[in-house]
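Per chain, numbering begins at 1; letters A, B, ... match sequence-line order. When reading the values below, keep in mind they use all heavy atoms of this one structure, side chains included, and skip hydrogens, waters and symmetry mates.
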There are 2 protein chains.
Amino acid sequence: MSEHSVPHPVARILVVDDDPTVAEVVTGYLERARFAVEHASDGVDALRRAGERRPDLVVLDLMLPGLDGLEVCRRLRAAGPVPIIMLTARSDEEDRVTGLEVGADDYVTKPFSPRELVLRVASVLRRDRAATTAAPRGTLRAGDLTVDPETRRATRAGRELALTLREFDLLAYFLEHPGTAHGREALMRRVWGWDFGDLSTVTVHVRRLRAKIEEDPARPALIQTVWGVGYRFEPGPGQEALG
Amino acid sequence: MSEHSVPHPVARILVVDDDPTVAEVVTGYLERARFAVEHASDGVDALRRAGERRPDLVVLDLMLPGLDGLEVCRRLRAAGPVPIIMLTARSDEEDRVTGLEVGADDYVTKPFSPRELVLRVASVLRRDRAATTAAPRGTLRAGDLTVDPETRRATRAGRELALTLREFDLLAYFLEHPGTAHGREALMRRVWGWDFGDLSTVTVHVRRLRAKIEEDPARPALIQTVWGVGYRFEPGPGQEALG
DNA sequence: GCACGCCGTCCGCGTTTCGTAAGGACTTCC
DNA sequence: GGAAGTCCTTACGAAACGCGGACGGCGTGC
């Protein structure tokens, strides 16, 4: 029936807790729920990790040695938009209120059911995902070519190109990496998302793409062949107005 | 984050509780916090009101006469994407878990601090608002189309369109994001509020909507098909590329 | 109770797109 | 100049996709 196989596209969770036991339990449950979990045992470590490898969500213990949990929360918030779930020992109202005021997105009080925590994480992520799904990538330009991933439109010299899905993605990838040589295998991985497959597939699609964007497909100027390696996209005229 | 002066652009809250005392207290606090509050005392009433005038958030008591709170939650969720905060008497884990599983975004256990409730509401709203990026409170226009989320009326060339609930929401979403290509999955999430489900549902509703707004439904001009991707709404009555 | 409207699902069909195979053309290197 | 390796071109079958039509369930209003 319906495809339930659309769970979390591997969300990265950062668990911040100084208690090794709690951390282990939480990590275990989250990993079993197919999340990629990272662990930090104190505030400084948490901020460092969050800065390096931006997590999709942070599970943060309120009681931490050194930096207070609230302070960590504040600084995380300042560093960028990231959903935060607070973890506290007491169900004290004061804590909850301050936690929410500082900007935590949710709150779980110990002792908590791991099942509940997982659900909360999933819930907050779902909500957050709905927000950030809009890829903030602008339209790509090179020479007289234009590719807009958002509208999924591509133009050459102002005229709209009728590209298929694969052709569009391929061209977009080329525009994202101008001047770089890409092996067929790499293209297959980045554009198709496959780790194996007939590499001639790439060849054929490059040819079809050339037929649509090149002035003279027999003598390609935009998508050049790098012998023994693969292809390289070279931005067309209009840029190199050198005399 | 001391932005007390960036309140809510008048969010509409629907409070569902059969206990007059609780309802009054909650309503009072929320109104003092500058929310526009509506009240329903039972499940059926709640569903009706939510259907007519879509609230920005629902505060829902778990214990209700007639329709169960969980059932109401389920149906609200089925009717469209709306944030829900559950109100439960016991801090029983079972309740919390089932509440979250059904799709509540948050819950508050009685006895609760009104201040906390307000903060929760604000928090969930903030999250949700980040999602819907810029509340489109005004009436939307594109070409000879007009969609007013407030009154839930839509017109084309001055003539009122008889749209169903889903059709209206779908069209409104399209008008909010003109030119953008949306995958079926994304539409299902943003318009239906579901994370999974048969994607052909989207296809069918697009077809029905086309039948009502397109000049020639067989050759759609407004809601275009993006092969292998989804759909794109293209405003403009007379094809921008003229002469 | 009955008819109607809305909604979600399913089925068959025509079309588009994709992946692969096979032969020819070109480059490189000896 | 020739051989081996690499790339181009073409063609074709199959799969994927979107569309229209229709059905049954559910809730609502008559």
### Query
When all nucleic acid strands are considered with a 4.0 Å heavy-atom cut-off, which category describes Thr201(A): base, sugar-phosphate, or nothing?
base

### Task
Would you kindly give the CZ-to-C1' distance between Phe196(A) and dT20(C), to the nearest whole Å?
16 Å

### Summary
From CZ of Arg75(B) across to C1' of dG8(C) the rounded distance in Å is 16 Å

### Interatomic distance where CG belongs to Leu199(B) and P belongs to dC17(D) [whole Å]
11 Å

### Message
Go nucleotide by nucleotide along DNA chain C from the 5' end; which of Trp227(B) and Leu163(B) gets its closest nucleotide reached first?
### Response
Leu163(B)

### Message
Output the rounded distance in Å from CG (Leu209(A)) to C1' (dC8(D)).
### Response
15 Å

### Query
Toward the 5' end of DNA chain D, which comes first, Thr203(A) or Pro217(B), by nearest nucleotide?
Thr203(A)

### Query
Rounded to the Å, how far apart are Leu187(A) CG and dG19(C) P?
13 Å

### Query
dC7(C) P sits how many Å from Arg74(B) CZ, rounded?
20 Å

### Query
Has the side chain of Arg208(B) got a donor or acceptor atom sitting under 3.5 Å from an opposite partner on the base of dG20(D)?
no

### Task
In plain terms, say whether Glu234(A) and Arg232(A) are close enough for a salt bridge, that is, a side-chain N and a carboxylate O under 4.0 Å apart.
yes

### Message
Quick check for you: among dC19(D), dC18(C), dT20(C), whose closest atom lies nearest to any side-chain atom of His205(A)?
### Response
dC18(C)

### Message
Quick check for you: among dC19(D), dT20(C), dT27(C), whose closest atom lies nearest to any side-chain atom of Arg210(B)?
### Response
dC19(D)

### Query
Once you round it to whole Å, what is the distance between C1' of dC7(D) and CZ of Arg207(A)?
13 Å

### Message
Please compare Arg166(B) and Ser200(A) by the position of their nearest nucleotide in DNA chain C and report the one closer to 5'.
### Response
Arg166(B)

### Query
Just by distance, with hydrogens left out, do Thr225(A) and Arg210(A) show a side-chain donor and acceptor under 3.5 Å apart?
yes

### Query
How many Å lie between CG on Leu170(A) and P on dT17(C), as a whole number?
15 Å

### Message
Between Glu160(A) and Arg153(A), does any NZ, NE, NH1 or NH2 come within less than 4.0 Å of an OD or OE carboxylate oxygen?
### Response
yes

### Query
With side chains defined as the heavy atoms from C-beta onward, is the minimum distance between Arg152(B) and Phe168(B) less than 4.5 Å?
yes

### Query
Passes side chain to side chain donor-acceptor pair (under 3.5 Å), Thr201(A) versus Asp198(A)? Steps please.
CA-CA 6 Å; Thr201(A) 294; Asp198(A) 191 344; 5.3 Å; no

## Note on the structure
By nearest-heavy-atom nucleotide on DNA chain D, the more 5' of Val226(A) and Tyr231(B) is Val226(A)

### Message
Among dT10(D), dC8(D), dG21(D), which nucleotide has an atom closest to any side-chain atom of Arg184(A)?
### Response
dC8(D)

## Note on the structure
Of dA16(D), dT9(C), dG21(D), the nucleotide closest to the side chain of Asp198(B) is dT9(C)

### Query
Think Trp192(B) has a side-chain N or O under 4.0 angstrom from the OP1 or OP2 of dG8(C)?
yes

### Task
Could you work out which one of dC7(D), dC18(C), dG19(C) sits closest to the side chain of Leu165(A)?
dC18(C)

